[in-house]
4 protein chains.
Amino acid sequence: MNVEKGSKRKQCILNAVLAALSEADYSQFTIEDIAARAGVGKSTIYRWWKHKSDLVFEAFKLHTESVFELDFEQSLEHNLVQQLCKLAVALNHPVGRALLVVMAEHREAAGLFFQEYLLPRRVQTRKLIQCAIERGEVRADYPFELMLDTLYGPIHYQIIFFNRMPDDAYIHNLVRLVIAPAQRHALLEE
Amino acid sequence: MNVEKGSKRKQCILNAVLAALSEADYSQFTIEDIAARAGVGKSTIYRWWKHKSDLVFEAFKLHTESVFELDFEQSLEHNLVQQLCKLAVALNHPVGRALLVVMAEHREAAGLFFQEYLLPRRVQTRKLIQCAIERGEVRADYPFELMLDTLYGPIHYQIIFFNRMPDDAYIHNLVRLVIAPAQRHALLEE
Amino acid sequence: MNVEKGSKRKQCILNAVLAALSEADYSQFTIEDIAARAGVGKSTIYRWWKHKSDLVFEAFKLHTESVFELDFEQSLEHNLVQQLCKLAVALNHPVGRALLVVMAEHREAAGLFFQEYLLPRRVQTRKLIQCAIERGEVRADYPFELMLDTLYGPIHYQIIFFNRMPDDAYIHNLVRLVIAPAQRHALLEE
Amino acid sequence: MNVEKGSKRKQCILNAVLAALSEADYSQFTIEDIAARAGVGKSTIYRWWKHKSDLVFEAFKLHTESVFELDFEQSLEHNLVQQLCKLAVALNHPVGRALLVVMAEHREAAGLFFQEYLLPRRVQTRKLIQCAIERGEVRADYPFELMLDTLYGPIHYQIIFFNRMPDDAYIHNLVRLVIAPAQRHALLEE
DNA sequence: AGCTAAGCGAGACGGTACGTCAGGTCTTGAC
DNA sequence: GTCAAGACCTGACGTACCGTCTCGCTTAGCT
């Protein structure tokens with residue numbers, strides 16, 4: 001099929017993107033290099049992706065498909081720790097670093113990507129929280145949106161500013177610190 | 001004096017940087033434009049700043065001198081709210097946006113800038129916390145480093161990913177949420 | 001066709017070179033100006049010509065195609081006068097002046113150009129001399145290589161050092177003076 | 001004295017020029033390099049020489065003072081051979097090469113230099129010819145100006161175009177070929 | 001001997017052109 | 001008919017020198 005062929009090519013190009021970003025960071029990432037690696041003409045790339053940034057977005061999606069998977073059977077805390085660990089690894093990986101550059105560079109594109117990809121994942125996490133509430137793990141009247149920012153924010157902050165990937169211990173401490181009040185209040189109010 | 005003369009020119013160039021970044025974002029920010037705005041040869045810029053990133057760093061410093069001023073007479077909460085508000089404004093300003101791009105792009109340069117400029121400011125905040133401990137505002141045994149990440153992190157996260165400047169209400173809520181446990185414990189332990 | 005298309009653009013660039021050199025001398029001759037005149041990017045020029053000198057060489061070839069045409073029906077003297085007259089005009093033209101600068105500046109490139117372009121023309125002149133010998137115009141045992149230097153040399157010398165284009169009278173006298181011995185001996189030996 | 005001091009400095013600069021041109025050709029010849037070599041500020045150079053070309057002219061004069069010395073006791077032929085040999089060496093030396101570049105580049109400056117320096121030397125040679133005429137070495141009615149061009153021209157021609165320094169044999173043959181008619185005619189008319 | 005003014009080194013400065021590079025568009029020939 | 005290959009225009013990069021200019025520091029010459 002046409003579609004299949006196209007898909008095959010797209011896949012090939014995205015693999016080249018992942019390979020390129022794994023070898024060097026975003027500053028040496030060029031379309032021409034990707035085309036050469038993929039054995040493809042530049043025009044073929046531009047046929048499907050309007051900008052270099054789109055390539056990075058898509059590569060990041062490919063690279064982080066599993067990061068946002070939740071296990072509704074497990075506790076909220078366990079899920080958050082798992083997710084943040086995977087997120088930290090993903091963001092610290094060259095592909096994630098590239099994503100951060102692109103997000104910082106192209107505000108509108110960043111906004112779109114956030115709306116279309118990251119926000120829905122966050123919605124999933126909200127659903128998880130809802131479950132936790134229903135299971136009595138955390139109290140219901142708590143600013144969970146804000147709480148999520150205090151979880152996701154520090155991960156990004158550490159990577160960009162401290163230039164350091166938060167390790168498991170950091171993330172464990174972070175999660176415990178942040179969800180404690182939501183739990184403690186619950187306990188207190190009992 | 002030599003110093004004054006040099007400073008005058010440098011000042012002029014940095015003003016051009018601020019002007020340029022105010023009119024358009026970092027992607028249209030070019031050395032040649034800065035040189036033209038400042039009425040200066042390109043070489044004069046390259047004589048003092050090795051990279052475009054250095055220009056941005058310095059412009060950011062200039063632009064945020066007052067952001068990190070603390071008032072040790074006031075409460076910790078008040079200081080944090082004030083500082084985060086000013087930080088949010090500064091980061092959301094084109095100069096701050098440019099800084100974020102540069103930090104994401106140039107890891108090493110970012111590390112240096114963080115060590116030399118941002119970390120010392122954070123040390124000041126730590127001192128403020130020490131005061132607050134001594135004044136009994138907050139308990140002593142609390143992971144304040146981590147707490148600071150949960151304050152600074154969300155501000156950056158909101159700006160980069162939500163593409164939105166946290167407003168005063170957000171920051172008030174954030175600070176209250178984050179320092180509450182440190183205070184509550186203190187109260188509880190009395 | 002590819003060739004034609006490329007040729008068209010190359011032609012366009014070479015025309016720009018000729019135009020530029022006609023308006024100002026080699027010292028104001030810049031690649032950027034050529035690119036602008038030809039409505040072409042700089043890189044397009046650099047794709048085909050490694051150095052500015054190559055542009056000048058090629059422009060000179062274009063400009064002097066007819067200079068070295070010989071008429072084997074005519075006498076040696078007549079041919080030499082004709083050729084030297086055309087050569088004088090060509091060298092005195094801005095394009096020729098530029099060639100002289102480039103030849104003086106880039107010895108190796110000059111050597112190549114001489115080998116590949118000027119020497120073959122000189123070989124033609126040698127053939128003409130051979131004809132003249134066979135026709136009895138000049139004697140066979142004469143150092144014609146050296147003689148050619150005493151013809152071409154003064155033309156260049158006048159242009160570079162006297163900054164003056166040799167006129168027809170000068171060239172007539174020169175040729176007569178130089179070939180007389182070759183002829184006279186022939187006569188004497190009869 | 002002021003003059004002496006200035007002279008000392010000028011000498012020092014000219015030595016630096018000769019040294020620089022001996023090590024690399026004119027294309028790497030920069031004022032800044034000369035200033036550094038001479039341990040002198042750029043402004044000191046520009047105080048005495050308006051342009052880079054003037055430096056080359058003066059260095060060439062310094063370098064060729066002895067080239068144009070004639071020995072009126074010796075025969076015309078001997079003098080010409082000697083002079084042309086020395087000229088060939090001088091022109092082939094980097095300083096001479098630089099002179100050729102500058103002459104080709106700056107027509108007006110070249111004209112001035114020719115008028116003020118080279119032409120007077122040629123006048124000396126004319127005087128020598130006058131002696132030769134009076135001594136009966138050569139006939140009086142001969143186009144000696146043109147003849148001189150056929151001597152000097154080929155030397156320059158060989159150096160610039162053949163990129164080859166004429167050796168003694170070449171020069172001997174050249175001189176003999178060129179002055180033979182002037183001598184032979186003299187003989188014939190006796 | 002001390003003082004002042006010229007001369008100087010050092011090198012910053014505004015420019016101009018360089019040659020390179022990559023982005024994103026457009027063309028072409030082969031498959 | 002599609003697509004790799006790559007030519008093309010654009011525009012910024014960072015570098016190298018130019019010729020001008022300003023700065024203080026010598027240092028000579030006069031008091």
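Quick note on labels: first sequence line is chain A, next is B, and so on, each numbered from 1. For the numbers below, each heavy atom of this structure counts, side chains included, while hydrogens, waters and symmetry mates do not.
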Rounded to whole Å, how long is the line connecting atom [atom1] of [X] with atom [atom2] of [N]?
{"X": "Tyr46(C)", "N": "dC9(F)", "atom1": "OH", "atom2": "P", "value": "15 Å"}
{"X": "Phe29(C)", "N": "dT16(E)", "atom1": "CZ", "atom2": "P", "value": "19 Å"}
{"X": "Ile45(D)", "N": "dC21(F)", "atom1": "CD1", "atom2": "C1'", "value": "16 Å"}
{"X": "Leu55(A)", "N": "dA22(E)", "atom1": "CG", "atom2": "C1'", "value": "14 Å"}
{"X": "Arg9(C)", "N": "dG6(F)", "atom1": "CZ", "atom2": "P", "value": "17 Å"}
{"X": "Gln28(B)", "N": "dA12(F)", "atom1": "CD", "atom2": "C1'", "value": "13 Å"}
{"X": "Lys8(B)", "N": "dC23(F)", "atom1": "NZ", "atom2": "C1'", "value": "14 Å"}
{"X": "Tyr26(C)", "N": "dA17(E)", "atom1": "OH", "atom2": "C1'", "value": "12 Å"}

Fill in: Aromatic ring proximity, centroids under 6.0 angstrom, Tyr117(A) and Phe57(A)
no
Fill in: Upstream residue (5' side of DNA chain E) when Arg47(B) and His51(A) are each assigned their closest nucleotide
Arg47(B)
Discussion item. Donor-acceptor check, side chain of Asp54(A) to backbone of His51(A), threshold 3.5 angstrom: yes or no?
Written reply: yes
Worksheet item: Do any N or O atoms from the side chain of Arg97(C) and from the backbone of Ile159(C) form a donor-acceptor pair under 3.5 angstrom?
Response: yes
Discussion item. Cation-pi check for Tyr26(B) against Lys52(B): NZ or CZ below 6.0 Å from the six-membered ring centre and within 45 degrees of the axis, yes or no?
Written reply: yes
Worksheet item: Is Glu32(A) salt-bridged to Arg37(A), going by a charged N under 4.0 Å from an acidic O?
Response: no
Worksheet item: Looking at Val56(C), Leu62(C), Thr64(C), Leu18(C), which hits side-chain contact (heavy atoms from CB on, under 4.5 Å) with Val95(C)?
Response: Leu18(C)
Practice prompt. Please check the phosphate of dG14(F) (OP1 and OP2 only) for any side-chain N or O of Trp49(B) closer than 4.0 Å.
Written response: no
Fill in: Presence of Lys52(A) side-chain N/O under 4.0 Å of dG24(E) phosphate oxygens OP1/OP2
no
Donor-acceptor pairs under 3.5 Å, side chain of residues 101-108 of chain C to any protein atom, not counting sequence neighbours: which ones?
unit_1: Arg107(C); atom_1: NE; unit_2: Asn163(D); atom_2: OD1; d: 3.0
unit_1: Arg107(C); atom_1: NH2; unit_2: Asn163(D); atom_2: OD1; d: 3.3

Item to complete: List in numerical order all residues of residues 30-44 of chain D for which some heavy atom is under 4.0 Å away from an atom belonging to DNA chain F.
Response: Thr30(D), Ile31(D), Glu32(D), Lys42(D), Ser43(D)
